[in-house]
Each structure stands twice: as structure tokens, then as C-alpha cells.
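Here the structure comes first, spelled out in C-alpha cells, and everything after it is commentary.
Quick note on labels: first sequence line is chain A, next is B, and so on, each numbered from 1. Not measured: the values here are computed from a predicted model. For the numbers below, each heavy atom of this structure counts, side chains included, while hydrogens, waters and symmetry mates do not.
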Amino acid sequence: MGDKPQKATAFVDWYLATVEAAGLTDKRYPVKGMNVWTPYGFRARRELDRVMVREIESAGSVPVEFPTLIPQTEFQKEGEHIKGFDAQVYWVTKGGESPLDVPLVLRPTSETAMYPVFSLWIRSHKDLPLNVYQIVNTFRYETKTTRPFLRVREIHFFEEHTCQVDEAAATERVRSNLEAFAAMAKAFALPFVPVRRPEWDKFPGAFYSVALDIPLGGGRTLQIGSVHHYRENFSRPYQIAYEDREGEQRYVHQTTFGLSERLLGAIVAVHGDDKGAVFPTSVAPHQVVIVPILAGGNAEMVGTFAAGLERRLSARGVRVHLDDSEERPGAKYYRWETAGVPLRLEVGGREAAAGSVTVVDRLGGKRTLGPAGLEEAIDGALRTYDQQLYERALTAFRSAFSIARRLEELGASETVRLLSWCGKESCGRAIETAIDGSLLGTPEGELPIAVGAPGPCLVCGESNDALWALAGRPM
RNA sequence: GGGACUGUGGGGUAGCUUGGUCCAUCCUUCGGGGUUCGGGACUCCGAGACGCCAGUUCAAAUCUGGCCAGUCCCA
């Protein structure tokens, strides 16, 4: 296989090799951008979904599921939206042999599927807020190079859609979504920065968009989700209106919150190292793998102890896997390190005799635990591992940003740049040209690194209304 | 939309310039046997590929044309 690509020197090749070696996906399916979820990858995705479901439901959202096909007539009702998506939707134009009177689109996102029905569901202020989400596949005809999890044509999509009584309530829902995402990101050990996108880069049809960006090193960024405020931009064309307490008809203010399997790609990209993937315990298909080490005549004793250990941990709710395959221990170590398993328990003659285990975590720590309080100690080791993983990611996150004070500093930037921007599109475009990337927008809330007040705009020198903005090179 | 490049077992590759020495190289993988087992074991036996279609030729992985697929650059 030759030399494996290194994360620091060949990031994209490293990412592809790491995803492949971990066995998360099979990209040989003969349609571009549509990959197979393998058993291992599917379990990781399922755990990821569980975290999203837990957080969004505790924020008051309920699950629904709308159909995959959307009639062209509904799809076209909002002008900006159709302009934004027209070039990348799949069309269903025939039913059997017959052309369809009204062509159908495979949903690229579900606004236009849901909103005609929302207008039927919502009559009164008592029907609000409406907070629903679904986890479904969506389809976008990507023209650029596709990559597993990061850019695909069939997307495993989480989308929340809400209807609120007014703009303030919708703004509050945006804030609530950002808070829910912060909890998810913590579970995934992924530091992120919410960024309000500039006007020219917002979601088609949105009033404004807040993207969830993470730095990948080398000045690259990855958008792993977004929260949008639609104001009345969709409720007017789709006639989603309610009667308020005073008997007035009002349009709802809407928001959406979208995430996808990009999160899984981000987890691999951020936490992985030159040995392979590194999973936080929240998404690891196996949180713990037990490797029995057989020698001489101890196979039965070691086997019995290992099997008992698997039962004890499983009974506590730990996702544990006993690797009793025929390979030698060293080969198993490599296999499970490549697959990103947080904790490996080595169990040989010494451990079986003492009732203890040798624990090696994916970040390199090694110690002996037990026999007393063994299960609790393993729980503790998992928690410690997650903390260390998060600390490591946070350190990388902080060093991924730096301040730029002059336009000339943006060329070939190896970090995401924090800079002063007056808000004008012409200046934003000049910044994008200088960095050969994007003006990501203005961070919401706390800045990723501590700085003072913004100075004059890097391009025009205007000081009034200048804000801190981020610029980088999106993957 | 314009241009450049690339397609060889499951994965990665050598061979292509100059057709024959190729029923195709090496690593990995897969099936079976044996010895092993505290960081990718060794060994024996076996399996598996020239993107597709045409053409040139005594002879095509190699040359020509078309198609398909993919990658990169530019708009």
C-alpha cells in the first residue's frame, strides 16, 4: 500500500484513507456521491443520531416524517429558494412509461414539502409554536468532487422546522438551537463557532443564516450545520397564518436547524490521527474492546474471564466487544486503533489470575485496573478519555485562529483569520479574493480567541460599524 | 460550459514510450492446512485483474477511434 498519507502533510488523502481503513463506508457503490453505510459506519451514525434526537427533543421538538417527493408547483413558490436549489435537484419526470403532468423533485431539503401542510395544521395562536424535526435522506446533485460524509449527493439529514408567533420568538428559537447544538458538540468533543453568514452566502430564502463552522487546520474550515431565521419569507408564499388573541390574521415566523453526516466526517477529521480514527465515546460503535491474550495452556481461563468481563460491562450499558477472532493480539491492537475504539482492555494470563485488566486508551494512556471496583473504574476511564479528547480538540481549535490586521496578511493563510470588516459586500469580496476563500461572516456570541474591539475595516479603513469577522478556506 | 489527465484482481501498484520476452509484477486481501499467540507472526497449498465497444496487426494491457467512469484546473 505504500506510505500512508499523513494528516499534517496530506490532509485530504489522509481523511479518505482514514475513513476507508476504519470501515465506516463503502464508496464503491456505482453512483457518484452515494455511498454504502457499512455495519460499523451505520452504528456510528445511529449513535450520532441519538445525541441529536436527545438534545432536540429536550428542546421541545417532536419527530415527524414528510414524503421524499415534492411537486414542482410547491417547490417553486418561494423565488429565492428555487433559484438557490434549481441547479442541484434531481427530477422525477416519469411514472412508469408515462411522463408526469407535474414533475416531482427529490427533496434537497424539506421546506417546500412541509410548508403547504403547515398551512393546514396552523389556524390559531394556540397551535404555536410548532417545533418538529425529521431525520431523512435528502438529495443534491453536487457537481464538485464528492467525499464520504463531507460532500455527498444522498444526504443523511437532520432538519428541524419551526413556526413561531413573531420575529422575537423565532430569534429565541435560533438561540435555543445554538444552545442545543452546543450540547451536541460537547458530546462529540467538537469545538465550533457559530457564524452569521454574509448576505450573499445565506440560505436561499432566509432572512439570515447562522452557520456552525469548525476549523480543520491549515486555514481550512468545515460547515457542519446551520440555523436559519426565515422571518415571513416562506410563510407568506405558503400562507402559513394564524389568528392571534385579538382576532387578527398573522403570518408565522419560521426557523430551521440542519445537520448531517458531515458531523461524522468532522469527528474523523478533527480527532483522527496518523493511526486512524479516534471516536468520542458518544458515537463510538464499540466504546470498549476486549482483547484476550492466549498463551500456553491458559486459553480456557483467559477466555472465561474475558467473556465474564464482557457480560459485566454490557450489563452496565457499556458498548463492549470481545474480539475472540483468531488473529494475534498485536494485529487486533492495530485494527481497533484504526477503527477509533476509545478503550482497549488487554486480558491475558496475568489479568485473569488477578481479576484485573490492562487498559489502553486511544490517546495513549495505559494502566492496570481492578480487581476491586473494576466496572466503576472503566466507567471512569471512559469519562476521563472524553475529557482528554475534548481538551485536545480545544487546544487545536484555539490555535487554528489568528488575527489579521492588514489585507496582505491573508494570502496563503495557515489559520482562520479574525479581521475587522465594515459589513459592505464590496469589502467582503475583496477579503475573499485576498484569502482565496470565503468571508465566513460575523461570529455570534463569544469569539473563538480573546481579542479587543475591532479596528477599522481591512479593506476600506472605515471604523464605524466595523465588526469582527472570520475568513478562511472552506473544504 | 471550456481544458488537462487517469482507468490493470477486493484495495494499492509494475508493465505502456519502442506491440511478441505477459496464460501480466510486487504489496495487501481472501479460502484451506500446520506451527504460533503480551504490538501488524511464519510457512505450505490455493483464489482473484488489463473500464466497454470497434479498428489496425501474424500478434494488443501496450497503437487508433468512439463510448463510459473518475480526478484536477478554469468559467
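The separation between A:Met34 atom CE and B:A69 atom P is 14 Å, rounded to whole Å. One atom, CD1 of A:Ile293, and another, C1' of B:G38, lie 5 Å apart when rounded to the nearest Å. The CZ-C1' distance, from A:Arg153 to B:A69, rounds to 12 Å in whole Å. When the C1' atom of B:G12 is taken as reference, atom CG of A:Asp13 falls 13 Å away, rounded to whole Å. Atom CD in A:Glu326 sits roughly 13 Å away from atom P in B:U35 (whole-Å rounding). Across the protein-nucleic acid pair, A:Glu327 atom CD and B:G40 atom P stand 12 Å apart, rounded to whole Å. Atoms CZ (A:Arg344) and P (B:G40) sit 12 Å apart, rounded to a whole Å. One interatomic measurement links the two molecules: CD of A:Glu20 to C1' of B:G12, which rounds to 10 Å at whole-angstrom precision.
Comparing the C1' positions of B:G11 and B:U43 gives an interatomic distance of 25 Å, to the nearest angstrom. Remark: the separation of the C1' atoms in B:U29 and B:G38 is 27 Å, to the nearest Å. For the C1' atoms, the distance linking B:G31 with B:C68 amounts to 34 Å, nearest Å. Comparing B:C52 with B:G7, their C1' atoms are spaced 11 Å from each other, to the whole Å. Going from the C1' atom of B:U36 to that of B:G12 covers 29 Å, rounded to whole Å. Comparing B:C16 with B:C22, their P atoms are spaced 13 Å from each other, to the whole Å. Atom C1' of B:G10 sits at a distance of 32 Å from the matching atom of B:C73, rounded to the whole Å. Nucleotides B:C42 and B:G20 have their C1' atoms positioned 40 Å apart, rounded to a whole Å.
Within 3.5 Å, a donor on the side chain of A:Glu337 pairs with an acceptor on the base of B:G39, or the reverse. One can find a donor-acceptor pair under 3.5 Å joining the base of B:G38 and the side-chain atoms of A:Glu351. Judged by distance alone with a 3.5 Å cut-off, no donor-acceptor contact links the side chain of A:Arg335 to the base of B:G39.
With sequence neighbours left out, the side-chain contact (heavy atoms from CB on, under 4.5 Å) criterion links A:Thr304 to A:Glu300. By the salt bridge (charged side-chain N to carboxylate O under 4.0 Å, His left out) test, A:Arg312 pairs with A:Glu375, sequence neighbours left out.
The shortest distance between the side-chain N/O atoms of A:Arg328 and the OP1/OP2 oxygens of B:G38 is below 4.0 Å.
For the pair A:Arg362 (side chain) and A:Ala277 (backbone), a donor-acceptor distance under 3.5 Å is present.
Using a 30° and 60° split on the angle between ring planes, A:Trp91 and A:Phe75 fall in the perpendicular class, above 60°. Relative ring orientation between A:Tyr238 and A:Phe234 is described as parallel, the plane-to-plane angle staying below 30° on a 0-90° scale split at 30° and 60°.
B:A60 is unpaired under the Watson-Crick or G-U wobble criterion, no partner having all donor-acceptor distances under 3.5 Å. Both distances falling under 3.5 Å, in either a Watson-Crick or a G-U wobble arrangement, place B:G1 opposite B:C74. As the counterpart of B:A69, B:U6 is assigned, both hydrogen-bonding distances of the Watson-Crick or G-U wobble pattern falling under 3.5 Å. Across the strands present, B:C42 finds its partner in B:G34; the criterion is a Watson-Crick or G-U wobble pair with both atom distances under 3.5 angstrom. Figure legend. B:G48 is base-paired to no nucleotide; pairs are counted as Watson-Crick or G-U wobble with both atom distances under 3.5 Å. Nucleotide B:U13: unpaired (no Watson-Crick or G-U wobble partner with both distances less than 3.5 Å).
Note on A:Lys32: only backbone sugar-phosphate atoms sit closer than 4.0 angstrom, heavy atoms only; bases stay farther off. Contacts of A:Arg147 with the nucleic acid, taken as non-hydrogen atoms under 4.0 Å apart, involve only primed sugar atoms and P, OP1 or OP2. Within the 4.0 angstrom heavy-atom criterion, no nucleotide atom of any strand lies near A:Gly296.
Minimum atom distance to the side chain of A:Thr146 is reached by B:U71, of the listed B:G10, B:U71, B:G38.
Comparing A:Gly330 and A:Lys27 by the nucleotide of RNA chain B whose heavy atom lies nearest to each, the residue mapping closer to the 5' end is A:Lys27. Projected onto RNA chain B by closest heavy-atom contact, A:Thr358 and A:Val31 fall at different nucleotides, the more 5' of which corresponds to A:Thr358.
A side-chain donor from one of A:Ser110 and A:Gln134 sits under 3.5 Å from a side-chain acceptor of the other.
Between atom CZ of residue A:Phe397 and atom CG of residue A:Leu190 there is a gap of 10.5 Å, rounded to the nearest 0.5 Å.
Taking the 5.5 Å centre cut-off and the 30° plane limit, the aromatic side chain of A:Tyr334 is classed as stacked on B:G40.
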